[in-house]
Amino acid sequence: MNRKTGRGNRWGLGLVGLALTVLGGSALARGLGAFPQNWAAARTTVVDGNVVAFFARTSPWIWWLLALAALVVAALALRWLLVQGRAEPRRALRVEAGPEGVTDLSAGGIDRAVAADVESGPSVFHAAAHLVGTRPEVRLRVVADEAAPMDELTRHLSTVALPHVRDALDRDRVPAVARVSLEPSPAPHRVVR
Amino acid sequence: MTTLVPAQRPVPLPSPERRGRTEIADRVVAKIACLAAGEVPEVRGVEPRGLPWAPSASEVHGGRATVRLNVRVAYPAPLPAVAARLREHVIHRLETQTGLDVTRVDITVTDVGGARS
């Protein structure tokens with residue numbers, strides 16, 4: 001399931017929930033006598049004289065209309081089911097393309113390498129990296145020790161991790177955005193002897 | 001009653017290098033390409049890459065071959081330079097070993113870093 005499917009699912013579930021809430025709420029309101037009693041009396045069945053009269057008046061085209069609506073609902077439901085299998089497109093960066101062949105770089109591999117490089121820095125607890133775009137940019141999420149000086153981390157990024165990315169991609173300029181969150185260092189384990 | 005027929009004169013054979021045809025299987029080309037790719041120092045691992053409609057990593061058509069490879073490269077080695085060297089080496093090795101013209105070597109760097117395997 002990719003991000004687009006997830007958003008579609010939230011919308012679909014929201015709409016279905018809204019429709020069910022409205023229907024259930026009106027059934028409850030009818031039972032409690034909230035509607036005008038000459039139109040929908042509380043103490044009658046749902047399919048009462050008014051409903052039967054409505055269908056008798058509008059027959060036969062109402063049945064065609066209902067069949068069409070059912071088909072539309074079925075098609076929408078089927079589509080909703082089928083998009084669940086939609087996968088995140090495989091991200092690959094075209095490094096070069098020539099008459100002798102193309103060179104692609106799967107983004108996952110370099111993401112892991114950059115993250116490992118950043119994690120090797122001082123007082124970094126965790127790092128994640130994503131290479132995005134065709135003119136690649138690096139997005140970093142770094143969790144670092146709040147007690148450590150910040151310039152150590154920025155120095156590590158600008159002298160080790162990012163030059164490595166530039167070397168690997170053979171580009172003079174690779175823009176990078178780092179989001180650093182600071183956390184207290186985990187309490188040292190106390191050993192009782 | 002029997003009649004004698006004159007003995008058939010043997011047909012002269014063609015010269016030895018023209019007696020038969022040599023074909024090199026896709027598989028073999030793929031294997032040689034993988035071995036050659038592994039000889040490039042920055043390459044940490046190689047595997048042939050098939051396509052859904054062409055499971056072999058290499059296709060040979062009338063003396064011409066194309067190759068597709070998945071490789072893992074050392075980090076932070078310059079990938080375009082490594083790919084160029086890799087392509088050149090694979091083409092050279094295939095041409096000397098099989099005599100085929102290699103028209104295309106497509107490379108996908110699937111991973112970077114790691115120890116040599």
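Heavy atoms only: backbone and side chains are in, while hydrogens, waters and symmetry mates are out.
- Heavy-atom distances place the backbone of A:P99, and not its side chain, under 4.5 Å from chain B.
- In A:R179, the CZ atom is not crowded: 12 or fewer heavy atoms of neighbouring residues, nucleotides or ligands sit closer than 6.0 Å.
- No continuous path of ILVMFWY side-chain contacts below 4.5 Å connects A:V177 to A:L153, so the two sit in separate hydrophobic clusters.
- Applying the salt bridge (Lys or Arg N to Asp or Glu O under 4.0 Å) criterion to A:D151, with sequence neighbours excluded, gives A:R155.
- Transitive grouping of hydrophobic side chains (ILVMFWY, heavy atoms separated by less than 4.5 Å) brings A:M150 and A:V124 into a common cluster.
- Cluster annotation: B:V60 is not connected to B:L35 through the hydrophobic network of ILVMFWY side chains, with a link wherever side-chain heavy atoms come within less than 4.5 Å.
- With a 4.5 angstrom heavy-atom cutoff, A:R112 touches chain B only via side-chain atoms.
- Other residues, nucleotides and ligands contribute more than 12 heavy atoms inside 6.0 Å of the CD atom of A:E146.
- For A:D117, the part lying under 4.5 angstrom from a heavy atom of chain B is the side chain only.
- Looking at A:E96, the atoms closer than 4.5 Å to chain B (heavy atoms on both sides) all sit in the side chain, from C-beta outward.
- Grouping Ile, Leu, Val, Met, Phe, Trp and Tyr residues whose side-chain heavy atoms lie under 4.5 Å apart, directly or via other members, places A:L65 in a hydrophobic cluster with A:V47, A:V51, A:V52, A:F54, A:F55, A:W61, A:I62, A:W63, A:L66.
- Of the possible polar contacts, one joining the B:R87 side chain to the A:V102 backbone as a donor-acceptor pair under 3.5 Å is found.
- Chosen from A:R166, A:H164, A:R94, the residue pairing most often with chain B at heavy-atom distances under 4.5 Å is A:H164.
- Chain A is approached within less than 4.5 Å, heavy atom to heavy atom, by B:Y75, B:P76, B:A77, B:P78, B:L79, B:P80, B:A83, B:A84 from residues 73-85 of chain B, ordered by number.
- Each of A:D104, A:V95, A:T103 was scored for a side chain to side chain contact (heavy atoms under 4.5 Å, CB included) with B:T108, with one residue passing: A:D104.
- Of the listed residues (A:G109, A:A97, A:G101, A:P163), the greatest number of heavy-atom pairs within a distance under 4.5 Å of chain B belongs to A:G101.
- Scanning all heavy atoms of the two residues, the minimum distance from A:A113 to B:V112 falls at CB-CG2, 3.2 Å.
- Contacts from residues 91-105 of chain B to chain A, taken as heavy-atom pairs separated by less than 4.5 Å, involve B:I91, B:T103, B:R104, B:V105 in sequence order.
- Linking Ile, Leu, Val, Met, Phe, Trp and Tyr residues whenever their side-chain heavy atoms come within less than 4.5 Å places A:W80 and A:L20 in a single cluster.
- Between the side chain of B:T110 and the backbone N or O of A:L105, no donor-acceptor pair lies under 3.5 Å.
- Under a hydrophobic clustering in which Ile, Leu, Val, Met, Phe, Trp and Tyr are joined whenever their side-chain heavy atoms come within less than 4.5 Å, directly or via other members, A:L182 and A:V143 fall into different clusters.
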